[in-house]
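What you see is a predicted model; the values in this text were computed from it and never measured. Chain letters run A, B, ... following the sequence lines, proteins first, then strands; residues in each count from 1.
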There are 2 protein chains.
Amino acid sequence: MSERESTESLADLGEFAVIDRLVADREQPPAVELGPGDDAAVLRAPDGRTVVTTDMLVEGRHFRLDWSSPGDVGRKAIAANAADIEAMGAVPTAFVVAFGAPEDTAAADAVALSDGMWAEARTVAAGVAGGDLVSAPQWVISVTALGDLQGREPVTLDGAQPGDTVAVAGELGRSAAGYAVLLSGVDGFDDLRRRHLVPRPPYGQGRAAATAGATSMTDVSDGLIADLGHIATASGVGIDLSWQALRPDRDALAAVADALRTDPWAWVLAGGEDHPLVATFPGPLPDGWRAIGRVLDGPPRVLLEGEQWHGDTGWRSY
Amino acid sequence: MSERESTESLADLGEFAVIDRLVADREQPPAVELGPGDDAAVLRAPDGRTVVTTDMLVEGRHFRLDWSSPGDVGRKAIAANAADIEAMGAVPTAFVVAFGAPEDTAAADAVALSDGMWAEARTVAAGVAGGDLVSAPQWVISVTALGDLQGREPVTLDGAQPGDTVAVAGELGRSAAGYAVLLSGVDGFDDLRRRHLVPRPPYGQGRAAATAGATSMTDVSDGLIADLGHIATASGVGIDLSWQALRPDRDALAAVADALRTDPWAWVLAGGEDHPLVATFPGPLPDGWRAIGRVLDGPPRVLLEGEQWHGDTGWRSY
């Protein structure tokens with residue numbers, strides 16, 4: 001990048017020049033028949049359906065630019081939406097992005113945001129097919145993800161059956177622990193800091209769960225108990241979790257919990273934003289999934305070995 | 001609505017209770033196989049493709065809550081995105097919406113916003129299939145529209161051919177004139193004020209143009225000359241407009257221009273946000289379209305009877 005480019009603002013360049021720079025040299029995946037530059041994009045939907053979800057990230061609420069690089073923010077915005085597509089048993093095919101930012105934002109930061117989005121989208125063989133760029137008092141990033149069910153039925157929240165195994169793919173509590181480290185000012189635990197700034201959803205496991213006959217699925221964005229609560233409510237079932245089965249997640253966070261003098265179970269049970277997948281299975285679990293509990297008859301509730309957990313139950317947008 | 005409901009804020013109710021209220025009693029169109037409430041929505045894409053576009057509206061930049069009711073903002077956000085779907089020759093099937101607002105926003109205002117979105121979506125037989133609700137310092141609304149090409153090829157920006165007729169469906173300059181009235185404090189001209197707050201795209205004319213063989217098309221969101229400039233550049237052609245053909249739009253705004261002591265041509269030629277459609281046709285125009293000029297050999301430029309126009313050429317996001 002030239003020195004001139006690195007100091008130019010969005011206002012210096014103007015909307016269309018910035019957009020040209022954001023979309024230059026991006027190779028679209030086969031699912032994108034028509035990419036950015038027209039009134040709308042055209043995407044393939046081979047099985048005659050499209051899965052769609054949207055999330056908005058607001059500076060100061062969902063990320064801090066003194067913690068996250070623009071590239072981190074881009075990766076996180078894509079990952080959070082991709083996880084929702086996975087949670088339906090689908091695979092992400094493309095993303096469209098609306099980006100609001102102050103006029104004095106460095107164009108290089110917008111390019112870095114876009115690079116982060118593309119890097120994350122590439123990990124699921126998808127692309128950024130279109131977007132909008134507007135002036136706003138702070139950064140606001142709204143991502144819409146589209147996905148392909150590849151002929152499978154969507155795995156919804158309401159299909160869990162008593163007797164099913166509750167299982168998770170991916171790790172719990174890392175993002176919440178990393179957030180606590182960042183807030184605390186304690187040194188070290190760099191991997192956990194990264195896990196807060198850029199979550200690592202277990203890409204591909206949504207499709208694997210659907211293929212293995214998962215009866216319900218969601219991603220853990222609000223916290224394990226909160227998100228399993230959505231399955232419990234929608235399915236009209238109880239869910240009983242095993243302390244023992246969750247112990248590896250707790251143990252992985254024991255050192256940082258000691259350093260911060262706090263209880264790692266709160267991160268495991270109520271920490272959001274890691275975006276692992278949780279699902280219920282009537283039969284054997286696919287590779288990459290581990291059992292953490294089972295589905296009971298109603299009423300809808302989430303228990304830990306028969307008892308209610310009395311900590312916080314999850315992140316709230318309000 | 002109960003008195004209690006009318007005074008409750010988003011923070012009082014919490015995200016999930018507000019969302020429950022926003023999605024209650026909404027009848028989804030047939031294109032929506034699975035609507036709000038799960039990790040993602042599932043939409044039909046009968047011809048194996050999906051058209052997708054996104055726009056972000058920011059309070060203070062794209063709308064003012066002292067001018068627009070929440071319902072107006074909802075209608076405008078849907079209309080702007082629906083027009084982009086029309087401009088591809090497609091029909092809108094569904095919208096997903098991310099809404100950021102301060103925690104003390106009245107829940108009733110969020111419901112009114114959603115009602116406005118649904119009212120506008122209904123005019124194109126579509127629905128709001130999903131969304132996100134987050135805390136933000138000001139209102140931010142990001143809408144993604146999805147559309148169905150119904151087996152037609154998309155009408156892009158780059159197909160205009162010398163000799164084609166340039167035509168418009170819908171009216172020019174009304175939104176810009178209404179904006180000038182609102183800014184001026186002058187009384188009257190209520191219809192124009194409304195046209196600024198809630199644009200009226202010529203729904204159905206995108207499909208009509210595609211069926212009639214339009215070679216290029218866009219909607220006028222930035223201004224007639226600016227948006228035709230995108231067609232001229234993408235197609236590598238010149239465009240020559242007729243003063244006479246545009247005269248009815250100018251004459252419709254003569255009275256308000258007199259009242260504000262300004263030139264109505266600037267509204268007609270450079271006013272955005274009305275979202276009429278402009279397209280190029282090699283043959284006869286479909287009903288609802290009127291000729292305003294013709295396509296010339298390059299270089300890419302937009303002229304008025306052979307001359308460059310020297311006013312502002314359109315709205316800029318930066």
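With a threshold of 4.5 angstrom between heavy atoms, B:Val18 does not approach chain A through any atom at all. With a threshold of 4.5 angstrom between heavy atoms, B:Gln138 approaches chain A through side-chain atoms but not through N, CA, C or O. Heavy atoms of B:Leu57 lying under 4.5 Å from chain A are absent altogether.
Taking B:Asp12, B:Asp38, B:Val58, B:Asn81 one by one and counting their heavy-atom pairs under 4.5 Å with chain A, the maximum is reached by B:Asp38. In terms of heavy-atom pairs under 4.5 Å with chain B, the best-connected choice from A:Ala83, A:Gly130, A:Pro137 is A:Pro137. Comparing B:Asp158, B:Thr218, B:Leu157 by how many heavy-atom pairs each has under 4.5 Å with chain A, the most go to B:Leu157. Ranked by non-hydrogen atom pairs under 4.5 Å with chain B, the options A:Ala94, A:Gly37, A:Ala40, A:Pro154 are led by A:Ala40.
Among all heavy-atom pairs drawn from A:Met217 and B:Asp39, the shortest one is O-OD2, 3.2 Å.
Counting only heavy atoms from C-beta outward, the side chains of B:Phe16 and A:Asp222 approach each other to under 4.5 Å.
No more than 12 heavy-atom neighbours from other residues, nucleotides or ligands sit within 6.0 angstrom of OH on B:Tyr179. Dense packing is recorded around OH of A:Tyr203, with more than 12 heavy atoms of other residues, nucleotides or ligands lying under 6.0 Å away.
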Worked check of side-chain contact (heavy atoms from CB on, under 4.5 Å) between B:Val134 and A:His62: CA-CA 9 Å; B:Val134 301; A:His62 302 95; 3.7 Å; yes

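Of residues 49-56 of chain A, those residues lying under 4.5 Å from chain B by any heavy-atom pair are A:Arg49, A:Thr50, A:Val51, A:Val52, A:Thr53, A:Thr54, A:Asp55, A:Met56.
A:Asp132 CG to B:Asp84 CG: the interatomic distance, rounded to the nearest 0.5 Å, is 8.5 Å.
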